[in-house]
Amino acid sequence: MKVAVFGAGYVGLVTGACLADLGHDVVVRDIVQTRVDALLRGEVPIHEHGLAELFERNRERLDFTTDGAEAIEGVDVVFVAVGTPPTVSGDADLTAVWTVVDELPHVDRRIVLAMKSTVPVGTGSAVRHRLDERGLENVGYVSNPEFTAEGTAVQDFTHPDRIVVGAFDPADAEVVVRLHAGIDAPVIECDVNSAEMIKLASNAFLVTRISFINEIANVCEATGADVVKVAEGVGLDRRLGPHFLRAGIGYGGSCFPKDSLALKQLAANSGYSFQLLNAVIEVNELQKRRVVGKLERHLGSLRGKKIALLGLAFKPGTDDMREAPSLVLAARLQAEGADVSAWDPVADGHPLLDDVAVAGSALDALEDADAAVLVTEWPELAELDWGEAGARMRNRLLVDGRNMLDPELLREHGFVYEGIGRPNET
Ligand SMILES: NC(=O)c1ccc[n+]([C@@H]2O[C@H](COP(=O)([O-])OP(=O)(O)OC[C@H]3O[C@@H](n4cnc5c(N)ncnc54)[C@H](O)[C@@H]3O)[C@@H](O)[C@H]2O)c1
């Protein structure tokens, strides 16, 4: 089939490349000229495992443009993969979605507009109404939410747990299902509202698990239990499963914070107070800040102290720093008067970080530091020579914000090690 993808971001590029790999002809449209120029030169503007190889392999079936009308010429399906960031009120900002809908030209055959962007329940109905108002009855509408996770997005797209297709007209759903032929996954066909809710509910459940285990971690700290063992024991229960039970300094990224907030506001706008989700969000905010208290317990005032942040991206495998816990941490530490240095193998902090000395290596970031905080569980940090790291630091204190490292090993190197929800040195 012939496919257009609107939005050359994390979702749009993965969608375009994976659909091309399935044998479809794909045009990716973005409004940022420099991004499209880079893509036309063969550059991949994001760090995502396996994506460059897919681009290389499918060069002949992948094209890029800034011209919306050109992009949809002769296509069967138009995917919308534009950003839906939070507004000041916490609701999803659908400006980019509406731009795509309003710029759709009249077409003389049936095409399907498939929504991959994460949108509030009711968006599909509103888009359908707008399309009808504009006389675009032959543009079908399908909600096809995206569940890929950055860092594993190519694998997630090609081996999804499920494909969700919500449609007003079963024939439109069929087109989108056929487009995925070759991918072996259960297909959930449903109404548009339910498809939209499946996406929001999935993310809300995942963040609930994270905040749940983080609260268990905090109680472990107060009572002397080890949350790593607790999570292992809980996760082996088949009714619960092991996923998203890793305690840490909280979730971040371009999806979890905004989607949980958007669902909370969607509920509130509909007259319902989603109390559980309110608590989940609040727990996450506090969790990021607890690191500062841990540092102060060992160092006293942080004024003039140098704190090294190891990892900036919101998780390993991506350069995405949107809503990364590192941003909150850096700002909080600076507010307490600390000097902040940092290292990340792919994220450079630009333009989100202010006054943070981003070093070229983890060891350089640790030079003369009074403490280090492991913020992102990059595999490189497990491999680091912690003896050398300690020698470079002014004071050997490590807060392992992801419970990634072996406490015993760190202690052998003379570190005071603090994890999240783990017993302190006895
Ligand atoms: N990032 C993820 O892993 C992920 C996973 C699942 C769902 N989502 C959802 O998918 C959507 C896209 O997320 P993302 O992370 O890829 O966003 P992104 O910010 O990386 O990319 C969005 C792109 O859309 C472009 N754009 C804006 N207006 C446009 C228009 N009118 N026409 C064409 N392009 C336009 C922007 O220039 C940008 O390059 C969001 O709704 C997000 O919640 C993201």
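None of these values were measured; they are calculated from a predicted model. Start at 1 and go down the list; that is how both ligands and their atoms are numbered.
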* Asked: Can you find an N/O atom of Glu146 closer than 3.5 Å to an N/O atom of ligand 1?
  -> no

* **Nitrogen or oxygen of Lys199 less than 3.5 angstrom from that of ligand 1** => no

* **Winner among Trp98, Phe256, Tyr10 once heavy atoms are compared against atom 20 (O) of ligand 1** => Tyr10

* Using 4.0 Å as the upper bound for N to carboxylate O, is an ion pair formed by Arg422 and Asp226? -> yes

* Report yes if Arg35 has an N/O atom closer than 3.5 Å to an N/O atom of ligand 1; otherwise report no. => no

* Asked: Which of the atoms in ligand 1, numbered in the order shown and given with their element, are less than 4.0 Å from a heavy-atom of Cys255?
  -> 2 (C), 4 (C), 5 (C), 8 (N), 44 (C)

* To do: Give the C-alpha distance, both sets of side-chain angles, the deciding distance and a yes or no for salt bridge (charged side-chain N to carboxylate O under 4.0 Å, His left out) between Glu133 and Arg130.
  => CA-CA 5 Å; Glu133 263 180 358; Arg130 190 96 136 227; 5.2 Å; no

* **Trp343 and Asp364: side chain donor to acceptor below 3.5 Å** => no

* State whether the number of non-hydrogen atoms from other residues, nucleotides or ligands found under 6.0 Å of Asp102 atom CG is greater than 12. => yes

* To do: State if Glu103 counts as touching ligand 1 under the rule of any non-hydrogen atom under 4.0 Å.
  => no

* Asked: Under a 4.0 Å heavy-atom limit, does Thr118 contact ligand 1 with its side chain, its backbone, both, or neither?
  -> both

* Counting heavy atoms not belonging to Gln275, are there more than 12 under 6.0 Å from its CD? -> no

* **Identity and distance of the protein heavy atom lying nearest atom 42 (C) of ligand 1** => Lys258 NZ, 3.8 Å

* Asked: Got more than 12 heavy atoms from elsewhere within 6.0 Å of CZ, Phe212?
  -> no

* So between Val11, Val82, Thr84, Val80, whose heavy atom ends up nearest atom 11 (C) of ligand 1? -> Val82

* Asked: Which atoms of ligand 1 have any heavy atom of Gly7 under 4.0 Å away?
  -> 23 (C), 24 (O), 25 (C), 33 (C), 34 (N)

* Asked: Counting from 1, what ligand 1 atoms have a heavy atom of Ala96 closer than 4.0 Å?
  -> 28 (N)

* Contact atoms of ligand 1, heavy-atom distance to Gly83 under 4.0 Å -> 22 (C)

* For ligand 1, which atoms sit closer than 4.0 Å to a heavy atom of Ser254? -> 1 (N)

* Asked: Which bit of Arg322 gets closer than 4.0 Å to ligand 1, counting heavy atoms only: side chain, backbone, both or neither?
  -> side chain

* Asked: Salt bridge or not for Arg29 and Asp67, using N-O below 4.0 Å?
  -> no

